[in-house]
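Start at 1 with the first residue, then count along the sequence.
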Amino acid sequence: MSLIRRSNVFDPFSVDLWDPFQGFPLGSGSGSSLFPSFVGTNSEMAAFAGARIDWKETPEAHVFKADVPGLKKEEVKVEVEDSNVLQISGERNKEQEEKTDTWHRVERSSGRFLRRFRLPDNAKTEQISASMENGVLTVTVPKEVVKKPDVKSIQISG
């Protein structure tokens with residue numbers, strides 16, 4: 001299975017797609033009998049699975065910015081799963097080939113992408129907002145206001 005929940009040492013909230021054979025000549029998706037393809041993986045998914053996403057935390061919110069050039073907002077989905085996993089997914093379709101076309105180079109990726117992030121406890125998942133402008137998807141997850149505990153001084157007698 002290609003979707004593995006893992007904790008990155010540097011980012012305990014990360015949840016990513018991971019293919020241990022990606023990049024190897026005989027890796028999954030190549031059709032090799034030495035390394036059979038895992039369920040749910042294919043070369044199209046691997047080609048665009050690495051959609052670049054930045055995650056920053058401000059005092060008010062967690063902000064995710066994803067580069068999705070050439071996609072319309074209808075082609076991208078933002079969902080919250082299990083009330084604490086933010087999932088950003090979509091698909092870029094291949095360009096239609098005409099019989100009269102001669103392709104000299106194909107470098108732009110196509111296929112599906114899926115990125116998942118485990119949100120911290122202070123995330124207000126019911127107030128998430130998303131917008132897209134110039135090929136950049138921005139997802140804003142507001143944070144709970146951390147209420148400082150009330151401290152009452154007690155006089156010490158004696």
Review item, side-chain donor-acceptor pairs of residues 127-145, under 3.5 Å, at least two apart:
from, atom 1, to, atom 2, distance (Å)
K143, NZ, E57, OE2, 2.7
K143, NZ, T58, O, 3.0

Qualifying ring-ring contact (aromatic ring centres under 6.0 Å, His included) pairs with a residue from [range], counting only residues at least two apart or across chains:
range            : answer
residues 136-157 : none
residues 62-95   : W55-H62, W55-F64, F64-F117
residues 131-158 : none
residues 131-158 : none

- Taking the side chain as every heavy atom from C-beta outward, state whether T125 and N84 have any pair of such atoms under 4.5 Å apart.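 Side-chain contact under 4.5 Å: no.
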Checklist entry - Do L71 and R92 have side chains that get closer than 4.5 Å, going by heavy atoms? => result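 L71 vs R92: side chains touch.
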Under the criterion side chain to side chain contact (heavy atoms under 4.5 Å, CB included), I'd like the reasoning laid out for L114 against Q87: C-alpha separation, chi angles, the key distance, then a yes or no. CA-CA 7 Å; L114 170 69; Q87 179 171 298; 3.2 Å; yes
| query | Say you draw a straight line from CZ of F113 to NZ of K77; how long is it, rounded to the nearest 0.5 Å? | reply |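 These two atoms lie 11.0 Å from each other.
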| So how far is it from S89 OG to R112 CZ, rounded to the nearest 0.5 Å? |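 If we round to the nearest 0.5 Å, S89:OG and R112:CZ are 10.5 Å apart.
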Is atom NZ of K124 surrounded by more than 12 heavy atoms (other residues, nucleotides or ligands) closer than 6.0 Å?
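Yes, the 6.0 Å shell around NZ holds more than 12 heavy atoms from other groups.
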| said: According to salt bridge (Lys or Arg N to Asp or Glu O under 4.0 Å), does anything in residues 148-158 pair up with another residue at least two apart or in another chain? List the pairs. | reply: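 Counting only pairs at least two positions apart or across chains, no salt bridge (Lys or Arg N to Asp or Glu O under 4.0 Å) contact touches residues 148-158.
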